[in-house]
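Note that these values count all heavy atoms, side chains included, but never hydrogens, waters or copies made by symmetry.
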Amino acid sequence: MNSTTVRSLLVRGMLAGLAAGVLALIVAYLMGEPHIDAAIAFEEAHAHEHGEVELVSRAVQSTAGLATGVLVYGISLGGFGALAFCFALGRVGRFGARATAALLSGAALLAVYVVPFLKYPANPPSVGDPETIGKRTTLYFLMMALSILLAVAAVIVGKRLAPRLGTWYATVATAAGFALAVGLAYVFLPAINEVPEDFPATLLWQFRLSALAIQVTLWVSFGLLFGHLAERVLNPKAAPAVERTAAPEAAAPAV
């Protein structure tokens, strides 16, 4: 893959990430923001101190701030995802561009977000001690790093086992090994539970589901969109061929 192709895929990856970010932004605004407002209302109702100066208004946070954060994250995801795609294409199996993009996006969703989320799930405002935010952040990124390293190791081991066990059994064995290693990490890393006793369980559950829905929307839509764009770059003859076969059918006279 030459530098021109990589550059073209990088640009399309960032565009796909931007489009995926727009979809994720819609989900975040419709599903996530109402739960954040409810959690802030709970926090204000139980606050012992009043009169704090709000540096950024809630209206700005839920509109311009949310849009900036999600879209920048989407573009960054698209750039890194495109570079990872350039490296993975042809190295993880005999998959085409669309299948590789879908598999890579799904694996990244699992390793980067789902696995750390199951150990240290997202919390709404009013949940968590401000004095432990550094510890919680460190543990979360440690879990993320372990998950990514274990996923990469699983792919490497699976490729080495495939010639001896076959693709199916090698995949099952590496998936089981990945699950076992993640389970051990869950056991040995400290748990954090700082949810107030009177915090509504339904609100906490709905907030976490909305956070998961945002990430699923972002990663899945990126994988599908970028796979389509990458296919057109790497196989430019496919689209004209489809158009040529469709044209005679459209021009054929009715009988």
Residue pair Thr174, Val155: steps toward the side chain to side chain contact (heavy atoms under 4.5 Å, CB included) verdict: CA-CA 8 Å; Thr174 53; Val155 172; over 6 Å; no
How close do [X] and [Y] get, counting heavy atoms only, and between which atoms?
X: Leu139; Y: Pro190; result: CD1-CG, 3.7 Å
X: Gly17; Y: Phe222; result: N-CD1, 3.7 Å
X: Leu189; Y: Met143; result: CD1-SD, 3.6 Å
X: Arg136; Y: Glu194; result: NE-OE1, 3.3 Å
X: Ala185; Y: Leu146; result: CB-CD1, 4.4 Å
X: Arg208; Y: Pro121; result: CZ-CG, 3.4 Å

Separation between [atom1] of [X] and [atom2] of [Y], rounded to the nearest 0.5 Å:
X: Ile192; Y: Lys119; atom1: CD1; atom2: NZ; value: 8.5 Å
X: Leu71; Y: Leu77; atom1: CG; atom2: CG; value: 12.5 Å
X: Leu23; Y: Leu18; atom1: CG; atom2: CG; value: 10.0 Å
X: Lys159; Y: Thr171; atom1: NZ; atom2: OG1; value: 11.0 Å
X: Asp37; Y: His35; atom1: CG; atom2: NE2; value: 10.5 Å
X: Asn193; Y: Tyr120; atom1: CG; atom2: OH; value: 12.0 Å

Taking [Y] as the starting point, is it possible to reach [X] by hopping between hydrophobic residues whose side chains are less than 4.5 Å apart?
X: Phe141; Y: Leu109; answer: yes
X: Leu104; Y: Val114; answer: yes
X: Leu224; Y: Leu89; answer: yes
X: Leu30; Y: Val70; answer: yes
X: Val182; Y: Leu212; answer: yes

Does some side-chain heavy atom of [Y] sit less than 4.5 Å from a side-chain heavy atom of [X]?
X: Tyr186; Y: Val115; result: yes
X: Leu218; Y: Ile214; result: no
X: Phe178; Y: Ser147; result: yes
X: Ser105; Y: Val220; result: no
X: Val195; Y: Leu204; result: yes
X: Ile36; Y: Pro124; result: no
X: Leu83; Y: Leu10; result: yes
X: Tyr113; Y: Val216; result: no

Answer yes or no: are there more than 12 heavy-atom neighbours, outside Tyr29 itself, under 6.0 Å from its atom OH?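 Open.
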Mind running side chain to side chain contact (heavy atoms under 4.5 Å, CB included) on Tyr169 and Leu161 for me, showing each step along the way? CA-CA 9 Å; Tyr169 289 108; Leu161 291 178; over 6 Å; no
Does the Ser8 side chain pair with the main chain of Thr4, one donor and one acceptor, at a distance under 3.5 Å?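 Between the backbone of Thr4 and the side chain of Ser8 there is no qualifying donor-acceptor contact (under 3.5 Å).
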Using only atom types and a distance under 3.5 Å, with no angle test, would you say the side chain of Thr100 pairs donor to acceptor with the backbone of Ala97?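 Not confirmed, Thr100 side chain does not pair with Ala97 backbone.
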Phe85, Trp219, Phe80 screened by ring pair (Phe, Tyr, Trp, His ring centres under 6.0 Å) with Phe226, the one that passes: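 Exactly one pass, corresponding to Phe85.
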Apply the side-chain contact (heavy atoms from CB on, under 4.5 Å) test between Glu231 and each candidate in Leu234, Asn235, Val233, Leu229; give the one that qualifies.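 Exactly one option meets the side-chain contact (heavy atoms from CB on, under 4.5 Å) with Glu231, and it is Asn235.
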